[in-house]
Amino acid sequence: MIRYLIKNNIKLMSRSSINILAFVLAPILVSAVLMSAFSTLMEKYEDAGSFTVGYRVSGERSKLYMNEALSKMGENNEITFAEYPEGEIKDIVSKNKIACFIDFNDDKYTIYEQEEYKVQGKITEGIISIFYNSLSLGTTPAKAADITVNKADFIPPVDSVDYYGIIEIIYFGWCAIVCGAALFTNEKKNLIRHKFTVSGVSEFKLYLARFASLASAVVVGIGLSAVISSLVLGVHWGNLFLSALIVIFSIMAATAFGIMLYSITDSMVLTIILTFSIVWVWGFFGGSFETYMFSSMSQSLKNISPIYHENRALIEILVQGKSDYILSALLYSGAIVVGCSCVSVFACYLRRLGRK
C-alpha cells in the first residue's frame, strides 16, 4: 500500500515539474551571485614566507647598531635585510626583487611598500614599529631587536565559491515544501484525502507516503544542483559520504518540518509563507547570507538554528576533514524529523475525527 501511495504522490508532483526544476537551478543562480559579491571578502590568506627588504641608514651614529639590529631581526623572522646606500629608491625597488624599502634617518624612518607585497609590507612595518617603541622605552638596541613574528594556527580558509556553493544547497533544501505544492494542491482539489479516509488507510501510512515521496524528489533535485555547481562553478566538497549524509538528513528534517506546517494550517499558501519566514531567520543566524565566521550574532542565537550546525559541519569537513558539529547536525535534524512527524500525524488524526 505504501509503495502505491508513494508512486501516486510522485505522479502528482511530476505534474508541476517547474517546482522540482527550481530546486536544481535556484541554488546555482543564488550561490553564483553571492560568490561574485563576496569573492574579495573571502580571499584566502597566503603565508608571506621569506622575503627581502631593502634599507638605507643616514647618519653614522645610528648606522652601526641599525645594521646589527636588522641582521638579528631578519634571522628571527625569515627576512633578508639588504643595504642599498646609494641610488634612487624607486629605481632600487623596481630593479630588485624586494618587498619594501626602509629609509632610516636617526630617530625617524620611512617605509616604501609595493602593492603586490602588502602582507610582507605590513609585517615589516609591525617589526620596525615594535623596535622603535622599545627604544623609546629605554631598551637597548640589541634587546629591542629580539623580535619574532609568531604565526598563529587558524582554521584553514574557505573561499566564496566553496562556501556559498555548499551553504545555498542547505538553505534551499530547507524550502522542500515548495516541491510538494502540486501534491498537496491536487490532494485537496480532487478530494484524495477524503477517499483515503473512507478506505480506512491510517494517517501514519499517508504521512509516510507523503514524507518519502517529497523527500526523495527534493534529494534528487538538490543532488543534481550540487553536481552541476561542482562541474560548472568549481565547488568542492569534503568527505562525500559525510557531506551527503548531512545534506540528506537536512532535507528529511526540512520535509518533516514543511509537512507539519501544512498539517496544522491546511493551507499551502500559509505554509509557504511560514516556511520562508522561519527558514530565512534560521539562515540569517546560520550563515546562509553573511558567513558564520564573520557574523556578530551571539553563539546562542546561532546554536538555535539547525542550518548553522549543518553549514558549519559541511564547511569544516571541507577545510579540516573533520568537525565537532557533525553529530549535532545529524541529531538536530533527526530530532526535527521525529518531532515534526509526530505532530503531523496527530494533527491529521484530529482533523479526521472532525470529519466524522
Side-chain angles (χ1 to χ4, degrees), residues 19-20 22-28 30-31 34 158 162-180 210-230 235-262 271-272 274-289 291-292 302-318 322-341 343-344:
N19 291 337
I20 299 177
F23 271 84
V24 178
L25 299 180
I28 299 173
V30 173
S31 58
L34 294 174
V158 57
D162 290 337
Y163 183 85
Y164 286 107
I166 292 173
I167 293 312
E168 296 311 312
I169 289 293
I170 291 294
Y171 181 76
F172 280 94
W174 269 94
C175 300
I177 194 65
V178 176
C179 198
R210 283 176 162 184
F211 177 83
S213 56
L214 180 53
S216 298
V218 177
V219 166
V220 171
I222 288 295
L224 286 173
S225 181
V227 171
I228 294 173
S229 63
S230 296
V235 178
H236 301 92
W237 292 77
N239 183 297
L240 290 181
F241 173 76
L242 285 177
S243 298
L245 188 64
I246 292 170
V247 172
I248 291 172
F249 264 66
S250 174
I251 291 173
M252 291 170 61
T255 302
F257 180 72
I259 294 176
M260 179 193 71
L261 292 180
Y262 180 76
T271 297
I272 291 178
L274 288 173
T275 299
F276 281 1
S277 300
I278 296 171
V279 171
W280 188 92
V281 173
W282 282 348
F284 181 76
F285 292 148
S288 298
F289 314 114
T291 63
Y292 68 80
K302 293 178 182 179
N303 287 333
I304 292 173
S305 168
I307 292 179
Y308 172 74
H309 293 262
E310 295 157 359
N311 286 350
R312 184 154 181 178
L314 290 171
I315 296 300
E316 290 183 355
I317 288 173
L318 171 65
K322 60 181 181 178
S323 174
D324 294 334
Y325 283 80
I326 295 175
L327 183 60
S328 64
L330 295 176
L331 289 177
Y332 207 157
S333 296
I336 290 174
V337 171
V338 174
C340 291
S341 297
V343 173
S344 296

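Computed from a prediction, not measured in an experiment: that's the story for all the values here. All values below come from the heavy atoms of this structure, side chains included, with hydrogens, waters and symmetry mates left out.
Screening Tyr308, Phe289, Trp174, Phe276 for a ring-ring contact (aromatic ring centres under 6.0 Å, His included) involving Trp282 leaves a single residue, Trp174.
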Going through the checks in order, is the side chain to side chain contact (heavy atoms under 4.5 Å, CB included) test met by Trp280 and Phe284?
-> CA-CA 6 Å; Trp280 188 92; Phe284 181 76; 3.9 Å; yes

Just do the side chain to side chain contact (heavy atoms under 4.5 Å, CB included) check on Ser31 and Ile167 with the steps written out, would you?
-> CA-CA 8 Å; Ser31 58; Ile167 293 312; over 6 Å; no

Check step by step if side chain to side chain contact (heavy atoms under 4.5 Å, CB included) holds for Tyr292 and Ile315.
-> CA-CA 10 Å; Tyr292 68 80; Ile315 296 300; 3.5 Å; yes

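Atom CD1 of residue Ile251 and atom CD1 of residue Ile169 lie 8.5 Å apart, to the nearest 0.5 angstrom. Atom OH of Tyr262 and atom CD1 of Ile177 lie 8.5 Å apart (nearest 0.5 Å). Put simply, CD1 on Ile278 and SG on Cys175 are 11.0 Å apart, with the number rounded to the nearest 0.5 Å. Annotation: the span from Ile259 atom CD1 to Thr271 atom OG1 amounts to 10.5 Å, rounded to 0.5 Å. Rounding to the nearest 0.5 Å gives a distance of 8.5 Å between OG of Ser323 and CG of Leu314. Note: Ile228 CD1 to Ile28 CD1 = 4.5 Å, rounded to the nearest 0.5 Å.
For Ser288, the side chain to side chain donor-acceptor pair (under 3.5 Å) criterion is met by no residue, not counting sequence neighbours.
Listed here is the closest heavy atom pair of His236 and Ile166: O-CD1, 3.5 Å. Here the closest heavy-atom approach between residue Ser344 and residue Ala256 is recorded as OG-O, 4.2 Å. Between Tyr163 and Val158, the shortest heavy-atom contact is N-CG2, 3.8 Å. Listed here is the closest heavy atom pair of Thr255 and Ala176: OG1-CB, 3.9 Å.
Looking only at side-chain heavy atoms (C-beta outward), Ile317 and Lys322 stay at 4.5 Å or farther from each other. Side-chain contact between Ile307 and Val279 is present, with at least one heavy-atom pair separated by less than 4.5 Å.
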Side-chain donor-acceptor contacts of residues 218-227 below 3.5 Å, not counting sequence neighbours, with atom names and distances?
from	atom 1	to	atom 2	distance (Å)
Ser225	OG	Val24	O	3.0

Show the atom names and distances, to 0.1 Å, of all donor-acceptor pairs under 3.5 Å that link a side chain in residues 328-337 to residues at least two apart or in another chain.
from	atom 1	to	atom 2	distance (Å)
Ser328	OG	His309	ND1	3.0
Ser328	OG	Tyr325	O	3.1
Tyr332	OH	Ile304	O	2.4
Ser333	OG	Glu310	OE2	2.8
Ser333	OG	Ala329	O	3.0

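Using modelled atom types, one side-chain atom of Ser213 and one backbone atom of Arg210 make a donor-acceptor pair closer than 3.5 Å. Asp162 places no side-chain N or O within 3.5 Å of a backbone atom of Val235 that could act as its donor or acceptor partner.
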